[in-house]
2 protein chains.
Amino acid sequence: MSVKARRRMTAQMDRAARVCARQGAQLTPLRRHVLGLILEVGAPLTAYQLLDRLKLTHKGAAPPTIYRALDFLMEQHLVHKIERLNAFVPCVEAGHRHPAQFLICCQCGVVSEIENRAAANALEHAAEQEGFRPRNTVVEIEGVCAACFRPS
Amino acid sequence: MSVKARRRMTAQMDRAARVCARQGAQLTPLRRHVLGLILEVGAPLTAYQLLDRLKLTHKGAAPPTIYRALDFLMEQHLVHKIERLNAFVPCVEAGHRHPAQFLICCQCGVVSEIENRAAANALEHAAEQEGFRPRNTVVEIEGVCAACFRPS
DNA sequence: CTTTCCAAGCAATATTATATCATACCGGCC
DNA sequence: GGCCGGTATGATATAATATTGCTTGGAAAG
């Protein structure tokens, strides 16, 4: 892991700590550790992949251990679940609810989160035209990313 | 099941038959039966719910039976999977690829499909700004439907 | 000090999905 | 007819994902 990446990770972790403190939520060592795993890998990880990594340092870890931590992290808007992959990634805009839009490259597997107001508004508008009150909008766009399309 | 609903279902089934014929795809009795189950219930059903129903008339049915049928129906764009629910619903615009946008009511569980060009375009645009080539866009909006919001 | 609350430990189990190999059926072709 | 290749289905097993319920321990609140 590069120095730069490590620095970014520390910043994200600090931010997470502040977010939780503000909410009165406890970012316990275990939860922090799980968040760390997600941040350091930088690719979507499934619950059981996380569990395997967690077990290396945390012997008694079992499925509920990881799912509880993930639930907590999702509640705090620190982590997103990618439904198509049953996998988890860090929130880019950590700490507050925001419409999630993901680009999933089906060639290299990279998932990147974008935040496009225009699209989010258009969707909200579309829902409201039906009398629907959106709470949580998830957009998962599968396709080919720029890097894979033009392999330079 | 009302006369009207049955008539609509027959129409959908006929349409499915035409779609498959055009593609040279075989809408076998088994696949037709599974599609029928999905059409008649009118609510999202999980694979195992479908399997239970299928077993009533089709003794040897096992998980692969239903998953194969579902894969086929999804390929033919006759059925969508709702990722958030691990459940399946009929395609409204059956028979051709189209951007799927779902409104999921978290109170009554009703899922309705909409087809909003403006929102779909906005999303496509957002993806392309990143150099991303979308292939398959899934939108799942969770919230409260009109009926639940104003219980009249 | 003790009550309360919540995180975590632990075991079991539920739910969702796939792998694999065998069999049956249908069409064309010799 | 007999064979061949392709596709659909049958059947069994198992993998992958997720939850339930109950218990324990420690820290914060009163």
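Every chain is numbered from 1, with letters handed out A, B, ... down the list of sequences.
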> Whether B:K55 contacts D:dG10 is assessed here as follows: a side-chain N or O lying under 4.0 Å from the phosphate OP1 or OP2. Is that the case?
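No, B:K55 has no side-chain N/O under 4.0 Å of OP1/OP2 on D:dG10.
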
> Would you kindly give the CG-to-P distance between B:L51 and C:dT15, to the nearest whole Å?
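One finds 13 Å between P of C:dT15 and CG of B:L51, rounded.
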
> Quickly work out the B:L50 CG to C:dT15 P distance and round it to whole Å.
15 Å

> Let me know the distance between CG of B:D52 and P of C:dT15, rounded to the nearest Å.
10 Å

> What integer distance in Å separates B:R68:CZ from C:dT23:P?
15 Å

> Tell me whether the side-chain N/O atoms of A:N86 come closer than 4.0 Å to OP1 or OP2 in D:dA18.
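Checking A:N86 against D:dA18: at least one side-chain N or O falls below 4.0 Å of OP1 or OP2.
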
> In whole angstrom, give the distance that lies between atom NE2 of A:H58 and atom P of C:dA8.
8 Å

> Calculate the interatomic distance between A:D71 atom CG and D:dT20 atom P; express it in whole Å.
10 Å

> Let me know the distance between OH of A:Y67 and P of D:dT20, rounded to the nearest Å.
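For the pair A:Y67 OH and D:dT20 P, the rounded distance is 12 Å.
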
> Does a nitrogen or oxygen in the side chain of B:T65 sit under 4.0 Å from OP1 or OP2 of D:dA11?
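Looking at the OP1 and OP2 atoms of D:dA11, neither is under 4.0 Å from any side-chain N or O of B:T65.
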
> Whole-Å distance between C:dA17 P and B:L45 CG?
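It is 13 Å, rounded to the nearest whole Å.
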
> Could you check B:R31 against B:P64 and say which one's nearest nucleotide on DNA chain D is further toward the 5' end?
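Looking at the nearest nucleotide for each, B:R31 comes out on the 5' side.
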
> Shared ILVMFWY cluster between B:L78 and B:L50, side chains joined below 4.5 angstrom?
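Yes; tracing contacts between hydrophobic side chains, which count when under 4.5 Å, links both residues.
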
> Under the criteria of a ring-centre distance below 5.5 Å and an interplanar angle below 30°, is B:Y48 stacked with the base of C:dT16?
yes

> Among all residues two or more places apart in sequence or in another chain, which pass the side chain to side chain contact (heavy atoms under 4.5 Å, CB included) test with B:A146?
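So B:A146 forms no side chain to side chain contact (heavy atoms under 4.5 Å, CB included) with any residue.
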
> Determine the contact category for A:A62: base if any of its heavy atoms lies under 4.0 Å from a base atom, sugar-phosphate if only primed atoms, P, OP1 or OP2 are that close, otherwise nothing.
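Touches nothing.
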
> Starting the side chain at C-beta, find the nucleotide from D:dA13, D:dT7, C:dC21 nearest to B:Q26.
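Nearest listed nucleotide: D:dT7.
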
> Taking the nucleotide of DNA chain D with the nearest heavy atom to each, does B:A61 or A:A47 sit closer to the 5' end?
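By nearest-heavy-atom nucleotide position, the 5'-most residue is B:A61.
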
> Would you mind telling me which of B:L45, B:V41, B:L70 makes a side chain to side chain contact (heavy atoms under 4.5 Å, CB included) with B:F88?
B:L70

> Output the single nucleotide from D:dA18, C:dT16, C:dT20 whose closest atom is nearest the side chain of B:T46.
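Nearest listed nucleotide: C:dT16.
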
> If you count the non-hydrogen atoms of other residues, nucleotides and ligands that lie under 6.0 Å from CZ in A:R53, is the total more than 12?
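Count not over threshold, so no.
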
> For A:V34, which of A:I66, A:L39, A:T28, A:T65 qualifies under side chain to side chain contact (heavy atoms under 4.5 Å, CB included)?
A:I66

> Check every strand shown and say whether B:K59 touches a base, only sugar-phosphate, or nothing at a heavy-atom separation below 4.0 Å.
nothing

